[in-house]
Asks: 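After the structure tokens below, expect a handful of questions from me.
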Amino acid sequence: MSESSQINIYGAVTQRPGDSCDFNIKQNIRQSIDRILFRLTPKNTIDYRNYLNSGVYNLGDHAIALAAAQQVNSVAKHIDVNLVDWGALESATRSTPTLIAGSGYFFIEPSKSPAARIELDSQYLLKNSIAHAFHGVGVNYVSSGRRLTLGDIPEEGQKLLSRSLAKARAISVRDATSKSILQPLTDTNVIITGDPALFIKSDTANHRLNPAIGTSLTIGINIPFHGPAASARVSKDLKSYIQFFKALQKKTNCQFIQTIHFHSEIVIGKILQDHGIPLIQAIGGVQTLLSAYQQMDFHIGGMLHSCILSASTGTPCIGLAYDIKHQGFFDLLGQPDLCVPAEPFDPERLSATCDHVLTHADTIRKQINARRDELELTSNQFLAQTLQALLS
């Protein structure tokens with residue numbers, strides 16, 4: 001390895017797409033209309049697409065890239081990191097070794113076939129003989145059943161995945177489910193390291209939120225509202241969510257913090273506030289989210305990375321799973337019972353799980369911190385060896 005080297009970190013969102021993703025005038029009007037209609041009509045017609053603009057991005061994906069860059073800099077300080085978004089490999093220097101970092105890189109479509117992006121990336125990397133490795137990647141498949149095996153993927157899809165893995169210098173994945181699907185397709189040993197975002201470090205800036213006077217308990221919530229499936233779930237279950245959070249607040253006298261991982265989620269929090277739910281919205285970058293998670297007694301997370309960032313701060317979390325990746329993460333933490341299905345929404349089961357977390361919060365925190373530290377050691381060791389392989 002040379003004294004000074006470069007490496008690409010290739011991820012879903014490696015850089016913020018703009019300085020602001022605030023709603024424009026049209027979107028603010030839409031938000032007002034949606035809030036009024038939700039009160040007046042029995043059917044929820046809210047649509048996440050009304051809240052998209054060029055500045056909106058997934059903060060969980062951004063957290064992965066930031067965490068991976070932090071890790072590289074911690075294990076090999078002489079390496080310069082280039083951040084490259086999915087689909088933009090051609091804009092990077094062709095000879096630069098590439099670390100494909102985290103997220104649900106191996107996304108499986110509803111048809112059970114892998115995303116076309118995987119084939120395009122594989123062809124480009126092989127055509128240009130770019131040294132590459134996978135670091136903490138995962139297999140994503142949106143399913144309320146949360147189950148997927150290699151046998152579920154058509155033969156052509158398995159061949160595509162095998163081609164993608166064939167020339168990788170090293171492979172690590174974020175959970176055992178991803179390993180069980182990918183390992184039979186490659187002779188390279190697939191290591192379970194966890195998602196890089198689990199090891200992200202917060203800065204020293206103060207992003208303190210101010211809870212309401214008289215509350216002694218702070219509970220985080222994240223309700224995904226960023227794609228067709230999530231939009232359909234919210235449309236169907238938002239009234240049930242409201243009933244559940246009102247009951248939970250009445251029982252615990254808590255203050256809620258809604259972590260905004262995708263800007264369209266803001267309207268969901270506003271509707272909750274309209275229905276008398278005491279809620280603070282944590283809106284900002286990744287560091288703002290980390291500060292919010294540090295302030296919670298526990299968190300109820302819909303998006304996977306709301307669970308992962310919560311765990312990165314040691315805060316107990318309950319996962320509302322809409323994808324196989326959720327159960328994989330909670331299995332990895334050794335807390336499988338804290339992952340409950342998002343569909344069908346089961347308020348009694350969620351309430352019982354909240355009671356369990358409140359009763360055993362200190363023990364759960366210790367378990368999270370111990371498991372995170374164990375995985376971080378494994379992840380750093382893998383990364384150090386992988387960087388050596390990529391740059392030698």
Asks: For Tyr322, does the six-membered ring have the charged nitrogen or CZ of Arg233 within the cation-pi criterion, i.e. under 6.0 angstrom from the centroid and within 45° of the normal?
Replies: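 Yes.
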Asks: So does Ile219 get a backbone contact from the side chain of Gln255, meaning a donor-acceptor N/O pair under 3.5 Å?
Replies: no
Asks: Say whether His135 and Gln71, considering side chains only, have a donor N or O and an acceptor N or O under 3.5 Å apart.
Replies: yes
Asks: Is it true that the side chains of Thr177 and Gln327 contain a donor and an acceptor less than 3.5 Å apart?
Replies: no
Asks: Check salt bridge (Lys or Arg N to Asp or Glu O under 4.0 Å) between Arg365 and all other residues, then give those that pass, not counting sequence neighbours.
Replies: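 Applying salt bridge (Lys or Arg N to Asp or Glu O under 4.0 Å) to Arg365 gives none.
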Asks: Going by heavy atoms in the side chains, are Leu375 and Leu198 under 4.5 Å from each other?
Replies: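 A side-chain contact exists here, since the closest heavy-atom pair is under 4.5 Å.
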Asks: Side-chain heavy atoms nearer than 4.5 Å, only ILVMFWY residues, links allowed to pass through others: does that put Ile64 and Ile9 together?
Replies: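 No; Ile9 is not reachable from Ile64 via cluster members.
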Asks: Looking at Arg372 and Glu376, is there a salt bridge between them, counting it only when a charged N and a carboxylate O are closer than 4.0 Å?
Replies: no
Asks: Do Gln243 and Pro347 come close enough that some side-chain heavy atom pair is under 4.5 Å?
Replies: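 No, side chains not in contact.
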Asks: Do any side-chain atoms of residues 303-319 form donor-acceptor pairs under 3.5 angstrom with protein atoms, and if so which ones, sequence neighbours left out?
Replies:
from, atom 1, to, atom 2, distance (Å)
His305, NE2, Asp195, OD1, 3.4
His305, NE2, Asp195, OD2, 3.0
Ser306, OG, His299, NE2, 3.4
Ser306, OG, Met303, O, 2.7
Ser310, OG, Thr315, O, 2.9
Ser312, OG, Leu309, O, 2.7
Thr313, OG1, Ser310, O, 2.8
Thr313, OG1, Thr315, OG1, 3.1
Thr315, OG1, Tyr293, O, 2.7

Asks: Between His261 and His226, is any pair of side-chain heavy atoms under 4.5 Å apart?
Replies: no
Asks: Side-chain contact test, heavy atoms from C-beta onward, threshold under 4.5 Å: evaluate it for Leu148 versus Val139 and give yes or no.
Replies: yes
Asks: Tell me whether Phe382 shares a hydrophobic cluster with Phe199, the cluster being built from Ile, Leu, Val, Met, Phe, Trp, Tyr side chains joined at under 4.5 Å.
Replies: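 Phe382 and Phe199: separate clusters.
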Asks: Is a side-chain donor-acceptor pair under 3.5 Å present for Gln183 with Lys179?
Replies: yes
Asks: Specify whether Phe106 and Phe134 have parallel, tilted or perpendicular ring planes, treating 30° as the upper limit for parallel and 60° as the lower limit for perpendicular.
Replies: tilted
Asks: Ignoring hydrogens and angles, state whether a donor on the side chain of Gln295 or Ser291 is under 3.5 Å from an acceptor on the partner side chain.
Replies: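 There is such a pair (donor and acceptor under 3.5 Å, judged by atom type) between the side chains of Gln295 and Ser291.
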Asks: When the side chains of residues 267-286 are checked against the rest of the protein, which donor-acceptor pairs come out under 3.5 Å, sequence neighbours left out?
Replies:
from, atom 1, to, atom 2, distance (Å)
Gln273, NE2, Leu279, O, 2.8
Asp274, OD1, Arg35, NH2, 2.7
Asp274, OD2, Arg35, NE, 2.8
His275, ND1, Ile271, O, 2.9
Gln281, NE2, Gln258, OE1, 2.8
Gln281, NE2, Ile266, O, 2.9

Asks: Taking side chain to side chain contact (heavy atoms under 4.5 Å, CB included) as the test, write out the residues that go with Ala133, two or more places apart.
Replies: Leu99, Ala170, Thr386, Leu390
Asks: For Lys366, is the NZ atom crowded, meaning more than 12 foreign heavy atoms sit under 6.0 Å from it?
Replies: no
Asks: Taking atom types as modelled and ignoring hydrogens, do the side chains of Asp34 and Tyr51 form a donor-acceptor contact shorter than 3.5 angstrom?
Replies: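 Yes - a donor-acceptor pair under 3.5 Å links their side chains.
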Asks: Determine, using the 4.5 Å side-chain heavy-atom cutoff (strictly less than), whether Tyr124 and Leu160 are members of one ILVMFWY cluster.
Replies: yes
Asks: Is the His132 to Tyr10 ring centre distance short of 6.0 Å?
Replies: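 No, they do not, as the ring centres are separated by 6.0 Å or more.
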Asks: Going by atom types only, do Asp152 and Thr149 share a side-chain donor-acceptor pair under 3.5 Å?
Replies: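 Indeed, the side chains of Asp152 and Thr149 share at least one donor-acceptor pair under 3.5 Å.
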Asks: Would you say the side chain of Leu126 lies within less than 4.5 Å of the side chain of Lys167, judging by non-hydrogen atoms?
Replies: yes
Asks: Only one of Asp85, Asn8, Asp61, Asn82 forms a side-chain contact (heavy atoms from CB on, under 4.5 Å) with Thr14, so which one is it?
Replies: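 Exactly one pass, corresponding to Asp85.
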Asks: Kindly indicate whether a cation-pi arrangement holds for Lys239 with Phe38, taking the cut-offs as under 6.0 Å to the six-membered ring centre and within 45° of the axis.
Replies: yes
Asks: Would you say Asp187 has more than 12 foreign heavy atoms packed within less than 6.0 Å of its CG?
Replies: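 Not more than 12 within 6.0 Å, no.
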Asks: Just wondering, are more than 12 heavy atoms of other shown residues or ligands nearer than 6.0 Å to CG in Leu40?
Replies: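 Correct, the count exceeds 12.
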Asks: Residues in salt bridge (Lys or Arg N to Asp or Glu O under 4.0 Å) with Arg39, at least two apart?
Replies: none
Asks: State, with a plain yes or no, whether a side-chain heavy atom of Gln158 is found less than 4.5 Å away from one of Leu150.
Replies: yes
Asks: Suppose we screen for side-chain hydrogen bond (donor to acceptor under 3.5 Å, both in side chains). Which residues come up paired with Arg169, at least two apart in sequence or across chains?
Replies: none
